[in-house]
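Reading through the C-alpha cells given below for one structure.
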Amino acid sequence: MRRFYDTELALPLMLGTAQYPSPKILAEAFRRSQASVATVSLRRETAGGGQDFWRMIKDLGVKVLPNTAGCHTVKEAVTTAHMAREVFGTKWIKLEVIGHSDTLQPDVFALVEAAEILTHDGFQVFPYTTEDLVVADRLLNAGCEVLMPWGAPIGSGQGLNNPSGLRSLRAHFPDVPMVIDAGIGRPSHAALAMEMGFDAVLLNTAVANAGDPATMAEAMAAAVRAGMLGKQADPMEPRDMAAPSTPVIGKAFLQ
C-alpha cells in the first residue's frame, strides 16, 4: 500500500464533508465507509457554526485534508492554504486552482506556480490536476509527491472520462502515489480506478447526494476494496476470441 507523504491509509478512500443532509448523516457515512481521510473546505469550516463543525470532524478520528476549493488565483489559493494550516493544524493541503467556471477544470499553469510556493513553505501538497503528462511532470518538479488527477468534472458523477489518458499517466509515473479525484458517481467507477492501479479515490457528491448517503458510503468502501484486490490478483487481459473454460480433453464423442 502506498504512503501519502508520511501516512499510510488503512483504507484508500478519502471522503468529502460537504452537502450532507445533516451532521448525523455525515458521521454515519464516515462510520460505515471507514474512510481514512476527510476533506474539508476552509470556507465550509468558517461558515456559521464553524467551531461545532470542526469539533464534529475531529470526532470522526480520521486524517484531515483541508482544500482550497473555490480558489481561482495563485494568491487566493496560497492564502487559503496558510489559513487552513493554522485552523486544522496539518501540513496536508489539497490544492485546487479553478480555471473554468462551468467545468471546474483546474488552471494547471496557476496550479504549478501555487504548488511550488506551498511546497517551499513546508506544505505537503495534493494537487487537483488533469491527466496531462507534462503537467504531472511539472507538479512533481515543483515538489509535489502525490498527484490527484480528475476522473471527470467535479460533482458530475460521470466516472472516468478518459481511461486511456489515466492509464498512460499511471504507467508513466509508476512510483508516484495517485488519487482519482472528482467525477466518481457510482461504486463501479471507484472499483475501476483501483483496478487501473490508482492508490486511492476521493469523492463527495456521489455519497452526500445519494438517496441513502450512509449506504452509498459503505458501497464505495466495498468497491475500493474490490478494485484494490482485483488489481493485486493480476487480472487476465481481454481476448479477441472465445476460449473454452471447460477442458475438451477426455470428452466423449458420439458417432
Side-chain angles (χ1 to χ4, degrees), residues 2 4 9 11-20 29-30 32-39 65 67 69 94 96 98-106 108 111 126-133 135-136 146-174 176-233 235-238:
R2 295 290 179 89
F4 297 87
L9 305 182
L11 178 69
L13 174 61
M14 304 180 180
L15 195 56
T17 56
Q19 303 180 19
Y20 288 83
F30 269 86
R32 290 180 59 178
S33 72
Q34 298 182 322
S36 298
V37 175
T39 61
L65 175 61
N67 66 44
K94 177 189 170 186
E96 294 183 27
I98 301 302
H100 193 274
S101 297
D102 291 335
T103 64
L104 301 182
Q105 180 170 330
V108 295
L111 181 68
F126 292 69
Y128 165 62
T129 183
T130 65
E131 66 274 26
D132 188 283
L133 299 176
V135 174
V146 174
L147 296 174
M148 302 185 78
W150 66 346
I154 294 172
S156 68
Q158 295 175 13
L160 307 183
N161 274 355
N162 184 6
S164 176
L166 289 171
R167 288 191 181 94
S168 179
L169 179 68
R170 178 70 283 178
H172 274 75
F173 303 100
V176 177
M178 293 190 193
V179 183
I180 291 293
D181 177 20
I184 299 293
R186 298 178 181 275
S188 56
H189 300 156
L192 178 57
M194 299 303 293
E195 285 180 8
M196 289 170 62
F198 288 91
D199 303 293
V201 296
L202 191 160
L203 52 97
N204 187 163
T205 307
V207 169
N209 290 178
D212 185 343
T215 298
M216 181 59 77
E218 184 176 350
M220 289 293 186
V224 166
R225 290 189 181 94
M228 183 168 54
L229 287 172
K231 176 62 175 178
Q232 291 173 1
M236 63 175 284
E237 294 297 324

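Atom-to-atom distance recorded for Met148:CE and Glu96:CD is 8.5 Å, nearest 0.5 angstrom. Note that the CZ atom of Arg32 and the CD atom of Glu218 stand 4.5 Å from one another [nearest 0.5 Å]. Distance check, rounded to the nearest 0.5 Å: OG of Ser164 to CG of Leu169 gives 11.5 Å. One distance of note links CD1 of Ile184 with CG of Leu160; it measures 5.0 Å at 0.5 Å rounding. Atom OG1 of Thr39 is separated from atom CE of Met14 by 9.0 Å, given to the nearest 0.5 angstrom. Here the CG-CG distance, from Leu65 to Leu202, works out to 7.0 Å after rounding to the nearest 0.5 Å.
Using a 4.5 Å heavy-atom cutoff, the side chains of Val108 and Thr130 are in contact. Between Asp181 and Thr129 the shortest side-chain heavy-atom distance does not fall below 4.5 Å. Residues Leu104 and Pro153 fail the side-chain proximity criterion, which asks for heavy atoms closer than 4.5 Å. When side chains are defined from C-beta on, Phe173 counts as touching Leu133, because their heavy atoms get closer than 4.5 Å. Taking 4.5 Å as the limit, every side-chain heavy atom of Leu15 sits out of range of all side-chain heavy atoms of Val37. By the 4.5 Å heavy-atom criterion applied to side chains, Val201 and Pro12 are not counted as neighbours. Side-chain atoms of Phe198 and Pro149, non-hydrogen and from C-beta on, do get closer than 4.5 Å to each other. Phe4 places a side-chain heavy atom less than 4.5 Å from the side chain of Val179.
Using a distance-only test at 3.5 Å, with no hydrogens or angles considered, a donor-acceptor pair links the side chain of Ser36 to the main chain of Leu11.
Across Pro213 and Ala29, no two heavy atoms sit closer than the pair O-CB, 4.3 Å. In terms of heavy atoms, Ala18 sits closest to Ala208 at O-CB, 3.3 Å. Considering every non-hydrogen atom in both Ala152 and Gly159, the closest pair reads CB-O, 3.3 Å. Closest non-hydrogen pair, Pro235 versus Gly230, comes out as CD-O, 3.2 Å. Nearest heavy atoms, Ala210 versus Ala206: CB-O, 3.5 Å.
Of the charged side-chain nitrogens involved, at least one lies within less than 4.0 Å of a carboxylate oxygen, so that Asp199 and Arg170 count as a salt-bridged pair.
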**Item:** Derivation of the side-chain contact (heavy atoms from CB on, under 4.5 Å) call for Tyr20 and Val207
**Value:** CA-CA 8 Å; Tyr20 288 83; Val207 169; 3.7 Å; yes
Side-chain atoms of residues 187-197: list all donor-acceptor pairs with protein atoms under 3.5 Å, sequence neighbours left out, distances to 0.1 Å.
residue	atom	partner	partner atom	Å
His189	ND1	Gly185	N	3.0
His189	ND1	Arg186	N	3.1

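Taking the six-membered ring where tryptophan is involved, the planes of Tyr128 and Trp150 are perpendicular, since the angle between them exceeds 60° and thus also 30°.
A donor-acceptor contact closer than 3.5 angstrom is absent between the side chains of Gln19 and Asn204.
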